[in-house]
Amino acid sequence: MAERKNFLVKYVDVQQLHSVDFMKIWSYYDKDGSGFLDRKELDNFLVDLMGCKGKEITERKLTEFRDSVLETVDTNKDGKVELGEFANLLPIEENFLRKFPSRKKLSRQNFDEIFKHYDPDGNNFIEGKELLALIRDIMTKTDQSVTLQDVHDYREAVMRVFDKNDDGRLSRKELGLLLSVDDK
């Protein structure tokens, strides 16, 4: 097999993936942005995964591994891996938002904790993969299965309503409106 850079190598020692890193990994392997990993994309992921584990990669082993993965996680048996199914392949952290009560206004302290979690680069904006991770966590907080299209649709709705300056990202104030922060 041809040599290429292993994208997963930087995550090899991580016990639990941050949800933002999970979305970065997903986006890296879903090259065409279709919302699922087709055979070639899944093979690229599996080659990198086996490479991180130091396993010899042959076409036969790759085929066996792919078949095993599809048997295990491809719940709708379409031969592709969707976002929700992909989450079952990686040690992703528990949904961070489950720590906070639903249907109540967030305290300023809880909001600050959430903002810091989804802004790992510390630029004071939730954007790009950070925003996708936050939205995925909002949607899966109640254990519902979501597709990448669901996440993108929700993102578009959130941005239409809460991105007041149309810069394509959420400031602290804009995210506070979305999450109903109690400023008392």
ask   = Quick one: does E113's side chain get under 4.5 Å of F96's, heavy atoms only?
value = yes
message = Do F65 and L49 make a side-chain contact, defined as non-hydrogen atoms from C-beta onward lying under 4.5 Å apart?
response = yes
task = Verify the cluster assignment for L17 and V12: are they in a single hydrophobic cluster under the rule of side-chain heavy atoms below 4.5 Å apart?
result = no
Short side-chain to backbone donor-acceptor contact, S27 and M23, under 3.5 Å = yes
inquiry  = Which heavy atom of L134 sits nearest to which heavy atom of I126, and what is that distance?
reply    = CD2-CG2, 4.2 Å
Nearest-0.5 Å distance, CZ of residue F100 to CD1 of residue I114 = 4.0 Å
Residues H117, E93; criterion side chain to side chain contact (heavy atoms under 4.5 Å, CB included); working and verdict = CA-CA 12 Å; H117 182 80; E93 68 184 357; 2.8 Å; yes
request  = Give me the ring orientation class for F22 and F86: parallel if the planes are under 30° apart, tilted from 30 to 60°, perpendicular past 60°.
outcome  = tilted
ask   = Would you say N165 and E174 make side-chain contact, with heavy atoms under 4.5 Å?
value = yes
message = Keeping D30 on the side-chain end and G35 on the backbone end, is there a donor-acceptor pair under 3.5 Å?
response = yes
message = Could you go through F111 and L175, starting from their C-alpha distance and side-chain angles, then the distance that decides it, and tell me whether this counts as side chain to side chain contact (heavy atoms under 4.5 Å, CB included)?
response = CA-CA 9 Å; F111 173 77; L175 185 62; 3.8 Å; yes
task = Mark yes or no for whether D74, through its side chain, and D78, through its backbone, hold a donor-acceptor pair below 3.5 Å.
result = yes
note = Between the NZ atom in K129 and the NE2 atom in H18, the distance rounded to the nearest 0.5 Å is 15.0 Å
ask   = Between the main-chain N or O of G168 and the side-chain N or O of E127, is there a donor-acceptor pair closer than 3.5 Å?
value = no
ask   = Are the side chains of T75 and N88 in touch, meaning some heavy atoms are under 4.5 Å apart?
value = no
ask   = So, D150 side chain and T147 main chain: donor-acceptor pair closer than 3.5 Å or not?
value = yes
ask   = Should the pair D137-R98 be classified as a salt bridge under the 4.0 Å nitrogen-to-oxygen rule?
value = no
task = Under the side chain to side chain contact (heavy atoms under 4.5 Å, CB included) rule, what do M159 and L170 come out as? Steps first, then yes or no, please.
result = CA-CA 8 Å; M159 297 309 282; L170 294 179; 3.9 Å; yes
inquiry  = Tell me whether the NZ or CZ atom of K31 lies within the 45° cone about the ring axis of Y28 and under 6.0 Å from its centre.
reply    = yes
key: Heavy-atom side-chain proximity of L179 to I138 below 4.5 angstrom   = yes
ask   = Backbone N or O of V161 within a donor-acceptor pair of the K164 side chain at under 3.5 Å?
value = yes
Nearest heavy-atom neighbours spanning D119 and D121 = OD1-OD1, 2.6 Å
key: Rounded distance (nearest 0.5 Å) linking atom CG of D43 with atom CG of L37   = 10.0 Å
message = Would you compute the distance between atom CG of L42 and atom CZ of R66 and round it to the nearest 0.5 angstrom?
response = 7.0 Å
task = First locate atom CG of L90, then atom CD1 of I25, and finally report the distance between them rounded to the nearest 0.5 Å.
result = 5.5 Å
task = Determine the minimum heavy-atom distance between I92 and S19, stating which atoms define it.
result = CD1-CA, 4.3 Å
ask   = If you round to the nearest 0.5 Å, how far is CZ of R169 from CG of N123?
value = 6.5 Å
inquiry  = Just so I know, are the side chains of D48 and Y29 near enough to count as touching, which here means a heavy-atom distance under 4.5 Å?
reply    = yes
inquiry  = How close do P91 and V14 get, counting heavy atoms only, and between which atoms?
reply    = CG-O, 4.5 Å
query = Judged by atom type as modelled, is there a donor-acceptor pair below 3.5 Å linking the side chain of E156 to the main-chain atoms of D153?
reply = no
task = For residues V20 and Y118, report the shortest heavy-atom separation together with the two atoms involved.
result = CG2-O, 4.4 Å
request  = Using modelled atom types only, decide if a donor and an acceptor are shared between the side chain of K77 and the backbone of E71 within a distance under 3.5 Å.
outcome  = yes
key: D13 atom CG: more than 12 heavy-atom contacts under 6.0 Å   = no
ask   = Is the backbone of D32 close enough, under 3.5 Å, to the side chain of E41 for a donor and an acceptor to pair up by distance?
value = yes
ask   = Do the non-hydrogen side-chain atoms of W26 and L148 ever get within less than 4.5 Å of each other?
value = yes
ask   = For the residue pair E130 and F125, what are the closest heavy atoms and their distance?
value = OE1-O, 3.0 Å
task = Give the C-alpha distance, both sets of side-chain angles, the deciding distance and a yes or no for side chain to side chain contact (heavy atoms under 4.5 Å, CB included) between M139 and I135.
result = CA-CA 6 Å; M139 295 178 78; I135 288 173; 3.9 Å; yes
ask   = Any donor and acceptor pair, going by atom type alone, linking the side chain of D163 with main-chain N or O of D167 inside 3.5 Å?
value = yes
